[in-house]
Amino acid sequence: MLAGISADYYLRLEQGRDHHPSAHVIDALARALQLDQDATAHLRSLSQPAAARFRADEPERAPDSVRQLIGSWSNTPAFVQGRHMDVLAANALASAVSPVFSPGVNIVQATFLDPEVRRLVGDDAWDDIAHNAVARLRGHAGPDVDDPRLDELVGELSVRSARFRRLWARHDIEVGGTPTYTFNHPLVGAFTVAVERFGIIGAEGQLLIVHHADPGSPSERALSILAGMADG
């Protein structure tokens, strides 16, 4: 009623019997359901079937130029994240902040299965981080929900983590925002960083993740000390 469509048509949409709802209907449903900007964009992408995404047989790889770029940032933690939130490349300081930010690690998998993540951020912050990780994974997947790698990752985590299983069933979406995290580092103590995410042109679905602290803050000094350790 709030969306201005009949109950019968809404039921057809829910059951998948109408695969091409109009943009007007989608926007009306988004308003009625009070979806935020990210969730509305996700709903639009689901309602507009496109050609299946090309999936190369080779594993994802970060562009060499980006690897070289972040490798030159000795005082700024940075890493490249793939379509399924795998770490594809990282500089020394990112891995020094946490071993989770190291090539070959999957961020979502580590969040739910690696106790080091919970210890590093604390129990209270972990709940938000876990929710955001799942919402970002679903957001990055978009309409490509039959991707074999995604199926494998979601299947494993659903079996091994009840918390992941509950969060994945919520269908929450998050792709934007600039979160702030506090790490309880065993070598330099607690420090707080903001996280920026940049899309990499020519590498579909890959993001450059950069952490930075306020200039002149104790957190910036802690990062500087950690950078010295990483260089050594």
Side-chain angles (χ1 to χ4, degrees), residues 13-17 19 33 35-36 38-39 41-43 45-47 49-50 52-62 79-90 94-95 97-177 179 181-184 186 195 197 203-207 209 211:
L13 289 176
E14 282 195 332
Q15 293 177 340
R17 291 187 284 131
H19 297 286
L33 296 171
L35 301 184
D36 63 18
D38 290 341
H42 183 68
L43 181 62
S45 71
L46 294 178
S47 70
R53 175 185 288 171
F54 172 75
R55 301 179 186 126
D57 293 333
E58 299 81 15
E60 261 192 298
R61 177 180 170 84
F79 62 92
V80 177
Q81 176 183 284
R83 291 191 302 270
H84 305 103
M85 299 178 67
D86 298 300
V87 178
L88 305 179
S95 298
V97 168
S98 172
V100 169
F101 304 140
S102 300
V105 176
N106 180 272
I107 298 294
V108 186
Q109 192 177 51
T111 298
F112 288 90
L113 303 182
D114 187 346
E116 170 65 12
V117 174
R118 195 159 193 154
R119 189 209 61 75
L120 191 65
V121 300
D123 289 340
D124 292 340
W126 183 86
D127 284 332
D128 289 336
I129 289 172
H131 172 267
N132 292 343
V134 176
R136 288 184 185 281
L137 178 63
R138 187 177 284 282
H140 294 324
D144 200 19
V145 293
D146 61 343
D147 181 286
R149 166 69 175 130
L150 180 67
D151 284 345
E152 178 185 11
L153 180 61
V154 170
E156 178 192 5
L157 288 171
S158 295
V159 169
R160 301 180 64 183
S161 171
R163 176 67 169 154
F164 174 87
R165 191 164 58 247
R166 289 193 297 270
L167 288 172
W168 185 254
R170 288 174 49 163
H171 289 259
D172 291 335
I173 298 294
E174 181 178 335
V175 294
Y181 297 143
T182 297
F183 295 110
N184 303 305
V195 182
R197 297 176 171 87
E204 183 186 0
Q206 293 187 17
L207 296 175
I209 313 295
H211 294 178

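What's counted below: heavy atoms across the whole structure, side chains too, no hydrogens, waters or symmetry copies.
With sequence neighbours left out, Arg118 forms a salt bridge (Lys or Arg N to Asp or Glu O under 4.0 Å) with Asp123. Scored by the ring pair (Phe, Tyr, Trp, His ring centres under 6.0 Å) test, Phe79 finds Phe101 as partners (sequence neighbours excluded).
The aromatic rings of Trp168 and Phe164 sit parallel to each other, their planes meeting at less than 30°, with 60° as the upper class boundary.
Between the side chain of Ser158 and the backbone N or O of Gly155 there is no donor-acceptor pair closer than 3.5 Å. A donor-acceptor contact shorter than 3.5 Å is absent between the side chain of Gln81 and the backbone of Gly205.
When ring centroids are compared, Trp126 and Phe112 come within the 6.0 Å threshold.
Here the CD atom belonging to Gln206 is positioned 10.0 Å from the CG atom belonging to Asp86, to the nearest 0.5 angstrom. To the nearest 0.5 angstrom, Ser98 atom OG is 9.5 Å from His211 atom NE2. Put simply, CG on Leu157 and CZ on Arg165 are 10.5 Å apart, with the number rounded to the nearest 0.5 Å.
No salt bridge links Asp147 with Arg83; every basic N to acidic carboxylate O contact stays at or beyond 4.0 Å. Salt bridge present: Arg170 and Asp172 bring a charged side-chain N and a carboxylate O closer than 4.0 Å.
Across every non-hydrogen atom of Ala62 and Val80, the tightest pair is CB-CG1, 3.8 Å. Val87 and Val100 get closest at one heavy-atom pair: CG2-O, 3.8 Å.
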